[in-house]
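Structure record follows, encoded as structure tokens.
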Amino acid sequence: MSKPALSIFLALTTCACAQLPNIVIIYADDLGYGDLSSYNPDAAYQTPRLDQMAAEGIRFTDAHSPSTICSPSRYGLFSGQQIYRSTGRGGGAFEGPGGPSYLKPGDLTLGGMLQEKGYQTGVFGKWHVGLTWLDKDGKRLGGGFKNSPLIDYEKSTPLIDGPNERGFHESFITPNCPTTDPLYVYIENGMVPIPADQRYNPESTPNPGGKWRWDNDAGWMAPDYQFVGVDELFYEKTKSFITTHREKTPEKPFFAVLSTQIAHAPVLPSEEFNGATEAGPRGDFVFQLDAIVGQVIDLMKELEIDEETLILFNADNGAETVHVDWMRQDHDHDASGGFRGMKRDGWEGGHRVPFIARWPGRIPAGQVSAQMTNTTDIFATLASLVGYELPDEAATDSFDMLPAMIGSQPAEKSIRPHLLTQSFRGEFQIRQGDWKYLDHQGSGGNGYKDNVLEKYVLEETEPDAPGQLYNLKTDPGETTNLYFKEAAKREELQALLKQLKESGRSAPKNRKPLGMENIPKVKEK
């Protein structure tokens, strides 16, 4: 290519990139529908920065995680697909050196798609979609505590299926839950700077209220690993990525994922947030998350890119069992927001989650949307925004929610004709309008016979039914199973579920992106 032609090409590329917004996803962990004060007027504490974010953008009230546990939901975020597409069934949450990645080689990922559109991409925090670790003989290790000390870090790194091989230019992550699972190391750009060669004893970590360190497992850790203040570390890494990128290549947009520990167990608020609310350690913990969201928004303003930045806030599943129980008992706070169930369950409390989008330049403020949506939809929505035409084989469970965000979709017209979720054991739930069919008995996740959850057992109205059917409009608490009484609707949903599983997709084919040219600017008042 001649120098004049190259100059023209670079100029055109720069112009195209400059028109695209920066994108930040803040992905919370085990945060229930009722954990934000904008969603729960009876919350035991306030979340002012997230409430501000919602007031300045759009808040979805019928948003769902793809799964009711973290690893399959994170697969859904990065792939736009249900875990069923990767495994042919459900998918567990990885522990120790668990893997390989649910994200298969060659699959289009969210980061990879945005890289193709000229984005600088980075992910910071909890990864937890599986990694390949090898022992001294080069054999792949399975998960679990006993295998962590068998890792040969020289043979294992650079990781063959880490974020840098799945669509991200830069990454600073933990392999699993940052303060729960027994492989406590930091991974930076596919490398492990300091291996996990020390035994970790939970007794060395604070235990707020004498019980909130619950689920902080003993295991192996790197000497520099920290258990308190980990989300501040993840935020600082995110901030550094953004500010460095803005200094060196301001002509290119960036895509950053800040994947927090909050509000997963154990509950370990940073010192400055201890006592920040009157709702105990977990109230303080969520308030800390709220403050971090505020820091992200403030950073965009400081860099003078607020108008050109889309920020999405979402969660990977509902709140943890003991968290729901303790917050109800101790602080009259319902993390499930009035819905039945919690993390791992197929009932609404397991997968109905907060979802907020803010983009001052293009998303009108003050919107509250009842559009049915799934975390998998983030993929097609961002593809639509940047003008990327998705191939039919990619993001096969992802619908474009951009029309709802920019206010062009009629409220009474659902973008989604149906929605899939999967519970802890990989069992399916399917929505169609107000109707919800659970293709299993019971919760699909937690056992309700133990002494923590037995107080929340509801009498089954159809104990002999192999599945459950509810009308969420008349019965949002999923109390009355209509499996037999509404047999025609149940059979319709069973047939639809079978079709969507066998067809390899639930999203439409030939999806066409809107593109920036069709997204109007918000008019100044």
Side-chain angles (χ1 to χ4, degrees), residues 24-40 43-51 53 65 69-70 73-74 77 93 123-128 172-174 176-181 184 205-209 212-216 226-239 257-277 279-297 311-324 326-327 331 333 335-336 342-343 353-356:
V24 179
I25 295 175
I26 304 170
Y27 199 46
D29 202 345
D30 289 8
L31 191 79
Y33 185 87
D35 274 327
L36 306 184
S37 48
S38 56
Y39 280 87
N40 181 3
Y45 50 83
Q46 297 297 302
T47 49
R49 299 310 302 271
L50 278 157
D51 294 357
M53 182 179 170
S65 58
I69 53 169
C70 44
S73 282
R74 287 158 199 277
L77 169 66
V123 59
F124 310 94
K126 176 178 174 176
W127 180 241
H128 213 190
F172 182 90
I173 62 162
T174 61
N176 306 315
C177 297
T179 58
T180 295
D181 296 321
Y184 301 122
T205 296
N207 188 15
W212 287 99
R213 194 179 59 211
W214 177 85
D215 206 23
N216 178 219
Q226 63 188 68
F227 291 84
V228 178
V230 64
D231 285 307
E232 278 80 5
L233 173 62
F234 296 155
Y235 168 73
E236 289 300 326
K237 294 292 183 179
T238 306
K239 178 182 178 181
V257 179
L258 171 55
S259 181
T260 74
Q261 153 74 4
I262 304 172
H264 197 284
V267 173
L268 300 171
S270 296
E271 184 176 351
E272 65 183 288
F273 291 96
N274 283 325
T277 72
R282 190 173 184 275
D284 298 343
F285 210 32
V286 177
F287 188 78
Q288 180 179 344
L289 172 64
D290 184 74
I292 290 172
V293 172
Q295 287 180 288
V296 172
I297 295 172
I311 301 176
L312 301 175
F313 180 88
N314 191 218
D316 64 354
N317 48 248
E320 180 59 84
T321 53
V322 295
H323 289 191
V324 174
W326 292 342
M327 290 301 288
H331 302 287
H333 172 87
S336 295
M342 51 204 79
K343 179 179 179 179
V353 293
F355 182 35
I356 301 170

| Are any of the side-chain heavy atoms of Leu258 and Ile25 separated by less than 4.5 Å? | no
| field | Interatomic spacing from CG in Asn216 to NE2 in His264 - rounded to 0.5 Å | value | 11.0 Å
| note | Closest non-hydrogen contact found for Lys343 with Thr321 is O-CG2, 4.4 Å
| query | Minimum heavy-atom separation for Ala263 to Val286, with atom names? | reply | CB-CG2, 4.1 Å
| note | CG of Leu50 to CD1 of Ile356, rounded to nearest 0.5 Å, is 5.0 Å
| request: For the residue pair Pro266 and Thr180, establish whether any side-chain heavy-atom pair is separated by less than 4.5 Å. | output: yes
| task | Look only at the side chain of His333 and the backbone of Met327, and say whether a donor-acceptor pair between them is shorter than 3.5 Å. | result | no
| query | Minimum heavy-atom separation for His128 to Cys177, with atom names? | reply | CE1-SG, 3.5 Å
| Exercise: identify the closest heavy-atom pair between Ile69 and Ala93 | CD1-N, 3.9 Å
| field | Exam field: side chain Thr47 to backbone Asp290, donor-acceptor pair closer than 3.5 Å | value | no
| task | Please report the shortest heavy-atom distance between Gln46 and Phe287, naming the atom on each side. | result | O-CD1, 3.4 Å
| said: Pair Asp284, Thr277 - check side-chain hydrogen bond (donor to acceptor under 3.5 Å, both in side chains), show working. | reply: CA-CA 5 Å; Asp284 298 343; Thr277 72; 2.8 Å; yes
| field | side chain to side chain contact (heavy atoms under 4.5 Å, CB included) between Ser65 and Asp316, intermediate numbers included | value | CA-CA 6 Å; Ser65 58; Asp316 64 354; 5.6 Å; no
| Is Lys237 close enough and on-axis enough to Phe124, meaning under 6.0 Å and within 45°, for cation-pi? | no
| Got Arg213 and Phe227 here, is their nearest side-chain heavy-atom distance under 4.5 Å? | no
| task | State, with a plain yes or no, whether a side-chain heavy atom of Leu31 is found less than 4.5 Å away from one of Leu36. | result | yes
| task | Look up atom CG in Asp231 and atom CD1 in Ile292, then write down how far apart they are to the nearest 0.5 Å. | result | 4.5 Å
| Going through the distances and angles, do Leu268 and Thr205 end up as a side chain to side chain contact (heavy atoms under 4.5 Å, CB included)? | CA-CA 9 Å; Leu268 300 171; Thr205 296; 3.8 Å; yes
| message | Using a 3.5 Å distance criterion without hydrogens, assess whether the side chain of Tyr45 forms a donor-acceptor pair with backbone atoms of Asp35. | response | yes
| task | Test Ile262 against Phe285 for side chain to side chain contact (heavy atoms under 4.5 Å, CB included), laying out the working first. | result | CA-CA 7 Å; Ile262 304 172; Phe285 210 32; 3.5 Å; yes
| task | Drop me the distance from Phe172's CZ to Thr238's OG1, to the nearest 0.5 angstrom. | result | 10.0 Å
| field | Any Val228 side-chain heavy atom under 4.5 Å of Glu271 side chain | value | no
| query | What about His323 and Trp212, are their ring centers closer than 6.0 Å? | reply | yes
| Does some side-chain heavy atom of Trp326 sit less than 4.5 Å from a side-chain heavy atom of His331? | no
| message | Could you measure the distance from the OG1 atom of Thr260 to the CZ atom of Phe234? Nearest 0.5 Å is fine. | response | 9.0 Å
| field | Contacts of type ring pair (Phe, Tyr, Trp, His ring centres under 6.0 Å), residue Tyr235, not counting sequence neighbours | value | none
| query | With distance as the sole criterion, is a donor-acceptor pair present between the side chains of Asn317 and Ser73 under 3.5 Å? | reply | no
| query | For Gln261, which of Thr179, Asp30, Asp29 qualifies under side chain to side chain donor-acceptor pair (under 3.5 Å)? | reply | Thr179
| If you look at every heavy atom in Pro281 and Pro269, which pair is closest and at what distance? | O-CG, 3.5 Å
| What's the spacing between Ser270 OG and Gln226 CD if we round to 0.5 Å? | 8.5 Å
| query | Have Gln288 and Glu232 got a donor and an acceptor in their side chains that come within less than 3.5 Å? | reply | yes
| Is Lys126 salt-bridged to Asp181, going by a charged N under 4.0 Å from an acidic O? | no
| field | Leu289 side chain reached by Phe313 side chain, heavy atoms, under 4.5 Å | value | yes
| request: Verify, without hydrogens or angle tests, whether Asn314 (side chain) and Pro354 (backbone) share a donor-acceptor contact under 3.5 angstrom. | output: yes
